[in-house]
Structures are given as structure tokens and as C-alpha cells.
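Everything below concerns the one structure shown next.
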Amino acid sequence: MARLDLDGKEITPRTICLIGGGGFIGSHLCELLMAHTHHSAIVIDVSSEKITHLLEKTCSWSNRIEFHKINIKNDSRLETLIKSSDLTINLAAICTPADYNTRPLDTIYSNFLDAIPVVKYCAESNKRLIHFSTCEVYGKTIGSFLPPDHILRQDPNFYILKEDLSPCIFGPVEKQRWSYACAKQMIERLIYAEGVEHGLKFTIIRPFNWIGPRMDFIPGIDGPTEGIPRVLACFSNNLLRGEPLKLVDGGKSQRTFCYIKDAIEAVLLMITRISQENPERANGQIFNVGNPNNEVTMKQLAELMIEIYGKISVDSSNLTTVDVSSKDFYGVGYDDSDKRIPDMTIINRQLGWNPKTPLQDLLEVTLTYQQQTYSQSIKKAMSNPTC
């Protein structure tokens, strides 16, 4: 039976090249593409660990997915694979806050320079591009420059982030934490310029803290021992080890969190909406993809995670939080924004998409996965600390 888009038109099966498709977001997107569409996927990444279950020859979709172990920095196969596809989705990035300070050059090269050939190949071959950017391109809110008790801090115009109106405000150059945001903004501007001057068909996605199973890593288990993943994985690591959850600068920063399953439904709409029949729906658009209803401070997030973890694990007594400075946690040069809340007007108007999953539910799913996946490995590692 033919599949129809939201306009009732038949969806033509396409070949999609997913660069960085073996990671957290890519693994969930590949699952959705295989199980609920007729599209084919060419997955490019340095590891297939998170999509191994999709590459089994016994899967009904085995003839629709292929994996290529490629480092896009220096592999000539990238051009051929992009030009042989109908659509390219670029997910490749260094996107761990601790790296922005300690590996600023790698961060800039990965998120800007390494992405340039992808844009070039798509433009040259008249192929569509969905590029994953970040909500960090917004930088600091206008309201963050006002006194703490200023009445305008409560005005949504000073903190709600809009794709077509909000300025991108970064800290000084010496604050290398902004290396990631600047690199991501520059590649956005390059893509937009290619669209204006050469007709590149593109969609840019700005994710707002997508979370769920398979995100990030647990230090010393499936990531470097001294590594610092993003906040939810950091807190999960503390919970699994029975350690205090570390609140950077008191955990005052505010963020919103979106369930990965909700988010990739939005991406699927972009894929179907940028077909030849309905290009205006997503082509040339920048989309915030997040859940403004799931806003919390990092302190509130830690407390909620402790509460939820207490319900799913017997090893959850006496869990607490501890304050640490951003300098001690991330190193010199760290800076941050006070809050990031997405405006959803454009994506709702163009695609009819809204997130569904409340914070409590998505944390329960994610923490259950983390506990089931990592608890035994962490216990073993803690009992043999020299191994």
C-alpha cells in the first residue's frame, strides 16, 4: 500500500545519506526510517555500534540499509555516496560541552571545516541537504544582560528564541566555550548563502536538548574515563555510581528537554515535506525542534532524576547534589547562557508538529534504559578500579 504525506500525496521512496548516522540521533532516525517508511539509508560513521541491531541480515529491511565506516575528514568515497543519494542528512559533529574548552580547534574543524565538503557536494549535484545545527547558535539571551531583578527578564521577547528574529549573542573570544556555537553558526550561514546564490535546497534543524536511550556515553564504560558528557548523561553517571550529582555554578541554568522519539517524528516530516511535490514546506527553512513545556533548572532536573531513579533502582539511597564551579568542572574559558526556550511557531505552521512527551515520562524511559544497560558494568568497574 502506498504511503501518503500530510497533503494526501504518495511518498516516493528515496535514498537518504546519513552522515554521522551511527550516533544517538542517527540510530533512532534509522529505526524510524526502516520500520515506518520505504526509504533506503546509506549510513556513514566511524562506528556502527548503536545501529548494529538494524544491520542484521535477518531484518526485513536488510536490502534498504548499508553502513560505510568512513571518517569524512579524508575519505574520497564521501562525494560519491552523497551524489548517489536523493537527500543528505548531516548529523556529524563534536557536540560535548567539555570539548569546547579543551579541544576548541577540533570543535571548529569538525563543525565548520569538515561540513563544507558536504554542503559543496550537495550544491554541485543539486541534492537536498538537511543539516543538524544546534540551539547553541543563539548564544545568550537578551534578558541575560539585564539586572537579575529587572522586570523585562520576565518578558518572553527577551528570552524566547525565534529562528527568524532572535539575535545570536556570544561571549568574548577568550571564552572558548563559544567555539562550537560560532562554528555551527558559520556553517548555517554558508548553507543559507548557497541556497540564495546557487539554489541549494536545504533545511536546518536546531535541536533543543534531545534526550533518550543511547545518548552520549558513560565515562569509563563506553567512553573515556575522564570524559564529561552532556548534563543528562553526567547526572546518570553520578546516579549509577551512587555519587552526588554535580551542579555547575549551583545548577541555575535553565534548559528545555525533548524526547528523541518526538524529535525524529519532526525530522521525518521534513523528509517527506521536502519531496518534489511539497518543497515549500521545509525547503529553505530553519526549524527549532524542542519542547518548551519541559523547562527546568539544572538543579530541578537533578532533583527530579534522583526522585525517578529511586523508583527504578534498589541502589538509590542517600543520593544528593553538590555544587561545583564551572572552572573546576569544565576548565578555564567556560561560559554559558542563562536559558534556552524555543519558539515553536514556524515548525508548527510549516509541518504541524508539536512535541508530546512530558519531562517526567522521558526521564523515566531514559533512566530505565541507563540503569538496565550500564548498572552491572559500573558495579564491575567500581569493584576492580585498577582494571
Side-chain angles (χ1 to χ4, degrees), residues 95 97 100-101 132-189 192 204-211 230-232 247-259 262-263 266 285-304 323 325-327 329-330 333-351 353-355 358-359:
C95 53
Y100 311 159
N101 267 9
F132 272 73
S133 184
T134 172
C135 62
E136 294 224 6
V137 297
Y138 291 109
K140 298 170 179 265
T141 64
I142 299 174
S144 68
F145 292 91
L146 299 172
D149 58 349
H150 198 290
I151 189 171
L152 289 179
R153 270 185 172 264
Q154 307 306 315
D155 184 339
N157 290 319
F158 285 78
Y159 63 83
I160 297 292
L161 301 172
K162 302 179 180 181
E163 301 95 324
D164 55 345
L165 293 175
S166 296
C168 301
I169 307 172
F170 302 138
V173 171
E174 66 183 26
K175 299 294 186 181
Q176 295 197 103
R177 183 257 189 279
W178 300 109
S179 60
Y180 173 66
C182 287
K184 282 292 195 179
Q185 186 195 141
M186 277 304 300
I187 199 65
E188 278 197 23
R189 292 189 181 278
Y192 198 91
I204 293 172
I205 299 174
R206 293 177 179 170
F208 280 71
N209 299 298
W210 298 3
I211 63 175
R230 285 168 289 188
V231 63
L232 190 125
L247 301 178
V248 176
D249 295 335
K252 298 177 182 178
S253 296
Q254 295 169 261
R255 296 291 185 269
T256 61
F257 294 90
C258 183
Y259 186 39
D262 291 347
Q285 296 288 342
I286 301 173
F287 291 121
N288 288 340
V289 182
N291 190 335
N293 297 318
N294 288 344
E295 182 195 6
V296 286
T297 66
M298 296 305 94
K299 180 177 175 62
Q300 291 170 330
L301 177 67
E303 292 170 346
L304 183 56
D323 289 353
S325 71
S326 55
K327 180 180 179 181
F329 193 77
Y330 288 117
Y334 187 77
D335 196 9
D336 206 356
S337 60
D338 56 338
K339 60 171 65 181
R340 292 199 197 105
I341 304 174
D343 180 86
M344 307 301 292
T345 303
I346 293 179
I347 194 168
N348 184 260
R349 181 187 69 221
Q350 295 298 112
L351 304 180
W353 180 83
N354 276 305
L359 185 61

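Everything quoted here is computed from the prediction, not taken from an experiment. All residue numbers refer to positions in the sequence shown, counting from 1.
Applying the salt bridge (Lys or Arg N to Asp or Glu O under 4.0 Å) test to residues at least two apart or on different chains, the pairs with a partner in residues 143-164 are R153-D338.
Comment: K184 does not engage E188 in a salt bridge, judged by the lack of any side-chain N to carboxylate O separation of less than 4.0 angstrom.
The nearest pair of heavy atoms linking P355 to C258 is CB-SG, 4.4 Å. For P292 against T256, the heavy-atom pair with the smallest separation is CA-CG2, 4.0 Å.
Counting non-hydrogen atoms of neighbouring residues, nucleotides and ligands closer than 6.0 angstrom, the CG atom of L165 exceeds 12 such neighbours.
Separating the CG atom in D336 from the OG atom in S326 is a distance of 8.0 Å, to the nearest 0.5 Å. The CD atom of Q185 sits 13.0 Å away from the OH atom of Y180 when rounded to the nearest 0.5 Å. Between L232 atom CG and M298 atom CE the span is 9.5 Å, to the nearest 0.5 Å.
Of the residues listed (Q254, E136, R255), the one engaging S337 in a side-chain contact (heavy atoms from CB on, under 4.5 Å) is R255, and it is the only one.
Of the possible polar contacts, none joining the W353 side chain to the M344 backbone as a donor-acceptor pair under 3.5 Å is found. Side chain of N288 to backbone of D343: a donor-acceptor contact under 3.5 angstrom is found.
Ring geometry for F132 against W210 counts as perpendicular: the plane angle is over 60°, on a 0 to 90° scale with 30° as the lower cut.
A cation-pi arrangement is absent between R177 and Y330 under the rule of less than 6.0 angstrom and at most 45 degrees off the ring axis.
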